[in-house]
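Structure, as structure tokens:
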Amino acid sequence: MSDQDAARAAALFDSGRWGEARDAAARALRTDPRNGSARLTLAGALDGLGEHDAAFDEVTALVADDPENATALRLLAIVAARTGRPRRGWEAADAAARLEPSAWQSHAILAFAEVQAHGGAGGDRAIAAAKRAVELAPDVASAHEALGTVFLLLGRHRQAEAALRVALEIDPNDLRARQNLGVALDRRGKVAAAMNLFAGLTAEQPANPAHTKNIVATFGRWVMILLVASLAWAMIGLRFPPPAPSGGGLPPWPAFAYALTLPTVAAIGLAVFTARFRFRLASLVTLLRREATGQIAVMGLLTLAFLLLLVGTFLSGMPRVVVLGAAVVVLLVAGYLAYGKRPQRLPKKAAAPLREEPRPLTFREDVARALSSQPAPRGLNGKPVLQPWAVGPGRIIGFVCSVISLVPNPAGIVIGLLGFVLSNTAWAHLRNADLPRRLPFYGQVLGAVGTVLGIASAIVLATIFPHR
């Protein structure tokens, strides 16, 4: 009876009926507590139901009793990563790959474990393991999907796109490969193609929030790029003199060319996106209104700001420094609307601390985390992990930039802001670790002063030399 229940549990698990599989495996284990197949199915079912800690305990006990069970080791590697134990997951994946060197699944899981446990430092080993999986199973879509996902995690987006396209040639219905391909296309600037994939997945799986989040993230990221472009556009416009208030003539032709450049490019970009976006724009707007009201507010604010800047700069003779100030305000306000955190009426339940100390992030990983609004990794004490780049070279560079920005010149705006941001980041990390933070504090003060002096210098130059 135990073997029958174990076989039924395995069949239910393969069909995705995890709750029934858990119950059937539990019945088998009541009859035979040492049944390895039922224990493995129970651990997999618990993981599928989201009970990752329970699954980790179950599969850990199974591996302790049967350390040469490669299937159990692979499951342990997956569950360990989900419960915040990347190093334990890597150890299990490495053991599985050594036990079954001809199993492509072991090498694919080892590739993920390398990235999760060692980050970019394990990139070469992760790619080698993923390529080994493809060599062992060249006709299996999941092997190519694993290689593409590893490339994606390492920031190699062109190679990720190529590998994921191969996976979809083998199996066009691989949902995970389609989603990851959309992320790779987004990172490469292929906005319409990425949103086509995300919109298609949303239509097929409307209950899966990951797809709508991907659409919103893609839209919000490109809104921010447009905001930065608008700031550069306004700063370039400062080089063109505004029309004389009493001249009676038209503004000079460079002013008209400048004024029409960004709207023309925006119109062309919208036309290209509309031509390549296979779904109705009305459906996209409805989705964004429901999921991303902040980004919609950004677009409305941008449109109004552009109209005011154009009219104010090229028709009324407004001082050009006002253009820069208005563009900065637009950037800050719209950035807050796109990515600002709304206060929650109900406090969220605090997440359980990780059982394994996470590794510090590199500068690139920490910047990517901040831009994507992801929370900082937290240690066993619940505090953010100290980032060596921030409290080491970042603290020194921030202080040096803050000192340099004290020399009055328009470039002091950018240099002072850079010094302030780096010093503020170092100050926050040192505060969380209860370490001295005098240098970052002085860097923040000097950076703020340098920024103010830079703004004052820009105003003075624009006033004294209005036509240069």
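All of these numbers come straight from a predicted model, not from anything done at the bench.
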Closest non-hydrogen atom pair, Ser402 against Gly443: OG-O, 2.8 Å
Listed once per pair and sorted, the ring pair (Phe, Tyr, Trp, His ring centres under 6.0 Å) pairs that draw on residues 76-106, sequence neighbours left out: Trp90-His118
Shortest non-hydrogen separation from Ala43 to Ala55 and the atoms involved: O-CB, 3.3 Å
Min side-chain heavy-atom separation Leu49-Arg22 under 4.5 Å: yes
Closest non-hydrogen atom pair, Cys401 against Ile415: O-CG2, 3.2 Å
Other residues, nucleotides, ligands: >12 heavy atoms within 6.0 Å of Arg395 CZ: yes
Flag for Thr149-Asn180: side-chain donor and acceptor within less than 3.5 Å: yes
Heavy-atom side-chain contact between Met195 and Val191 under 4.5 Å: yes
Distance, nearest 0.5 Å, that separates CG of Asp47 from CZ of Arg82: 4.0 Å
Expected output: side-chain Asn196 to main-chain Ala192 donor-acceptor under 3.5 Å: yes
Residue pair Val150 / Glu114, side-chain heavy-atom distance below 4.5 Å: no
Working for side chain to side chain contact (heavy atoms under 4.5 Å, CB included), residues Asn69 and Val63: CA-CA 7 Å; Asn69 188 332; Val63 168; 6.0 Å; no
Trace of the side chain to side chain contact (heavy atoms under 4.5 Å, CB included) decision for Arg27 with Arg30: CA-CA 5 Å; Arg27 285 196 301 271; Arg30 282 196 292 270; 2.8 Å; yes
Euclidean distance, Leu175 CG relative to Glu145 CD, rounded to 0.5 Å: 10.5 Å
Partners meeting salt bridge (Lys or Arg N to Asp or Glu O under 4.0 Å) with Glu204 (sequence neighbours left out): Arg178
Within 6.0 angstrom of Arg125 CZ, more than 12 heavy atoms from elsewhere: yes
Qualifying residue for side chain to side chain contact (heavy atoms under 4.5 Å, CB included) with Thr218, from Leu185, Asp186, Val183: Asp186
Heavy atoms of other groups near Arg276 CZ, more than 12 under 6.0 Å: no
Electrostatic pair Arg98:Asp94 at N-O distance under 4.0 angstrom: yes
Value rounded to 0.5 Å, distance of CG in Leu62 from CG in Asn35: 10.0 Å
From Phe198 atom CZ to Asn214 atom CG, the distance as rounded to the nearest 0.5 Å: 4.0 Å
Neighbour count >12 (heavy atoms, 6.0 Å) for atom CD, Glu68: no
CA sep, side-chain torsions, deciding dist, call: Arg165, Glu161, salt bridge (Lys or Arg N to Asp or Glu O under 4.0 Å): CA-CA 6 Å; Arg165 288 193 183 280; Glu161 178 185 349; 3.0 Å; yes
Nearest atoms (heavy-atom pairs only) where Leu181 meets Leu168: CD2-CD1, 3.5 Å
Side chain Ser423, main chain Phe420, donor-acceptor under 3.5 Å: no
Which atom of Ala177 lies closest to which atom of Asp174, heavy atoms considered: N-OD1, 3.1 Å
Verdict with reasoning, His144 to Leu164, per side chain to side chain contact (heavy atoms under 4.5 Å, CB included): CA-CA 6 Å; His144 293 275; Leu164 291 168; over 6 Å; no
Gap between atom CZ of Phe151 and atom CZ of Arg156 - 0.5 Å precision: 6.5 Å
Check: Gln444 and Trp427 side chains under 4.5 Å, non-hydrogen atoms: yes
4.5 Å side-chain heavy-atom contact, Phe112 and Leu153: yes
NZ/NE/NH1/NH2 to OD/OE distance under 4.0 Å, Asp66 and Arg39: no
Distance (rounded to the nearest 0.5 Å) between Asp53 CG and Asp57 CG: 6.5 Å
Residues, nucleotides or ligands: over 12 heavy atoms within 6.0 Å of Asp65 CG: yes
Tell me which donor-acceptor pairs under 3.5 Å the side chains of residues 71-79 have, and how far apart each pair is, sequence neighbours excluded?
unit_1	atom_1	unit_2	atom_2	d
Thr71	OG1	Arg74	NH2	3.4
Arg74	NH1	Glu100	OE1	3.1
Arg74	NH1	Ser106	OG	2.8

Minimal non-hydrogen separation, Leu136 against Pro101, with atom names: CD1-O, 3.6 Å
Main-chain N/O of Lys131 paired with His107 side-chain donor or acceptor, under 3.5 Å: no
